[in-house]
Amino acid sequence: GEFGFVLISFSRQAGAIDAGLAGTLSLAVTLSMLATPLLFLAYERISVRGQVGAVERDPDEITERGTVIIAGLGRFGQVVNRILLSNGYRTVVLDHQAEHVDEMRRFGVRGFYGDATRPDLLHAAGLAEAKVLVVAIDDPERTLELVKFARRARPDIHIVARAFDRVAVYALFQAGANDIVREVFDSSVRAGRCALEGLGIHPFRAQKLVEAHVRFDRESMRMLAEVWDPEVSVFENPAYIRIAAERSAELERAMMGDRGYEADRPDRAWTPPATPEGQAESA
């Protein structure tokens, strides 16, 4: 790297190496810097090809039907699946990684290998009869594709979708998802509550504060989703920037008392912000 040139120059000036060796070493550093990106690209191509070859097989025959179809058996989908099963609901779980499906079966987690974005597999899993579709795929593009198809095929099905970030929420909102859950939002809220408690705020009071924040954030997300344009960056969207700035200022006022809570008066009754009904409630 660049530091190699610095060492070579310093060594040459200090008389540790002669001009001929310095030139040879400089050439070696230059060639290694040029070769490294190419080697990384070659490695990625070879490793991906090897992974595809390792799991390549025909999709499993889906022999079960359930009230809920879960697309994705990773960390996100596993938790959703356990909650539903423990409450007596039957699920059909699909995952596009055969090796992962086989590993989870060793722990008694029933799943089928197959790409849930394929219409034939989704119909085989019972799309026509299912009441709920949970899209827990760790891929924003495939998630959006699946939500769009499911909404067209089943206008009445309830779709819960995993979102990577706020922009993904807006796209899924427009695609017709009923509930949109950002991957790390809930855990971040819990961390914020722990931080408030660490600062000495009573746990009950800290919980009420984060609940107010969550409600306000959901309300803001729906407002921003209305002006979001997939063809324009949020940093170049005047309406988006204006609403975001207004909501940020309003949030600060809300948390300090304008919407029912005063931090310096714990005896005052707390009134949560109004939460209008609508899509993306879990965003």
A side-chain contact here means heavy atoms from C-beta on lying under 4.5 Å apart; do [X] and [Y] qualify?
X	Y	result
L7	L25	no
D102	R105	yes
M33	F5	yes
F173	E226	yes
R205	K208	no
I70	L94	no
Y240	V232	no
F112	V92	yes

Same apolar cluster (I L V M F W Y, side chains within < 4.5 Å links), [X]/[Y]:
X	Y	value
V80	M104	yes
L172	M223	yes
F76	Y89	yes

Under 3.5 Å, side chain of [X] to main-chain N/O of [Y], donor-acceptor pair present?
X	Y	answer
R182	A168	no
R154	A130	yes
S9	V6	no
S32	V29	yes
S233	F235	yes
D95	V101	no

Without hydrogens or angle criteria, can the side chains of R82 and N87 be said to hold a donor-acceptor pair below 3.5 Å? no

Assign the ring pair H213 / F185 to parallel, tilted or perpendicular, where the plane angle (0 to 90°) is split at 30° and 60°. parallel

Is the positively charged end of R247 above the ring of F216, judged by distance under 6.0 angstrom from the centroid and angle within 45° of the axis?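 Yes, a cation-pi geometry holds between R247 and F216.
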
Working to the nearest 0.5 Å, report the span between [atom1] of [X] and [atom2] of [Y].
X	Y	atom1	atom2	result
T117	H96	OG1	NE2	9.0 Å
F204	L209	CZ	CG	10.5 Å
Q13	I8	CD	CD1	12.5 Å

Could you check, using the six-membered ring where one of them is a Trp, whether F10 and F3 have ring centers closer than 6.0 angstrom?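 Centroid distance F10-F3: not below 6.0 Å, so no.
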
For the pair V227 and I243, evaluate side chain to side chain contact (heavy atoms under 4.5 Å, CB included) and give the outcome as yes or no after the intermediate values. CA-CA 9 Å; V227 298; I243 293 176; 3.8 Å; yes

Pairs flagged by side chain to side chain donor-acceptor pair (under 3.5 Å) wherever residues 135-150 is involved - sequence neighbours left out: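 Passing the test, one end in residues 135-150: D115-R142.
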
Working for side chain to side chain contact (heavy atoms under 4.5 Å, CB included), residues I83 and Q78: CA-CA 9 Å; I83 291 174; Q78 287 179 41; over 6 Å; no

Set of residues satisfying side-chain hydrogen bond (donor to acceptor under 3.5 Å, both in side chains) with respect to H158, sequence neighbours excluded: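 Here the qualifying residues are D179.
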
Among R75, R162, R166, exactly one meets salt bridge (charged side-chain N to carboxylate O under 4.0 Å, His left out) together with E183. Which residue is that?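 The salt bridge (charged side-chain N to carboxylate O under 4.0 Å, His left out) with E183 is passed solely by R162 among R75, R162, R166.
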
Would you check, one step at a time, whether the test side chain to side chain contact (heavy atoms under 4.5 Å, CB included) holds for T67 with V132? CA-CA 7 Å; T67 305; V132 177; 5.8 Å; no

What side-chain donor-acceptor pairs closer than 3.5 Å can you find for residues 190-200, not counting sequence neighbours?
unit_1, atom_1, unit_2, atom_2, d
R193, NH1, Q207, OE1, 3.1

Audit row: R242, E246, salt bridge (Lys or Arg N to Asp or Glu O under 4.0 Å) steps and yes/no: CA-CA 6 Å; R242 176 181 55 79; E246 291 174 353; 3.5 Å; yes

Please lay out, stage by stage, how V169 and F164 fare under the test side chain to side chain contact (heavy atoms under 4.5 Å, CB included). CA-CA 8 Å; V169 170; F164 177 73; over 6 Å; no

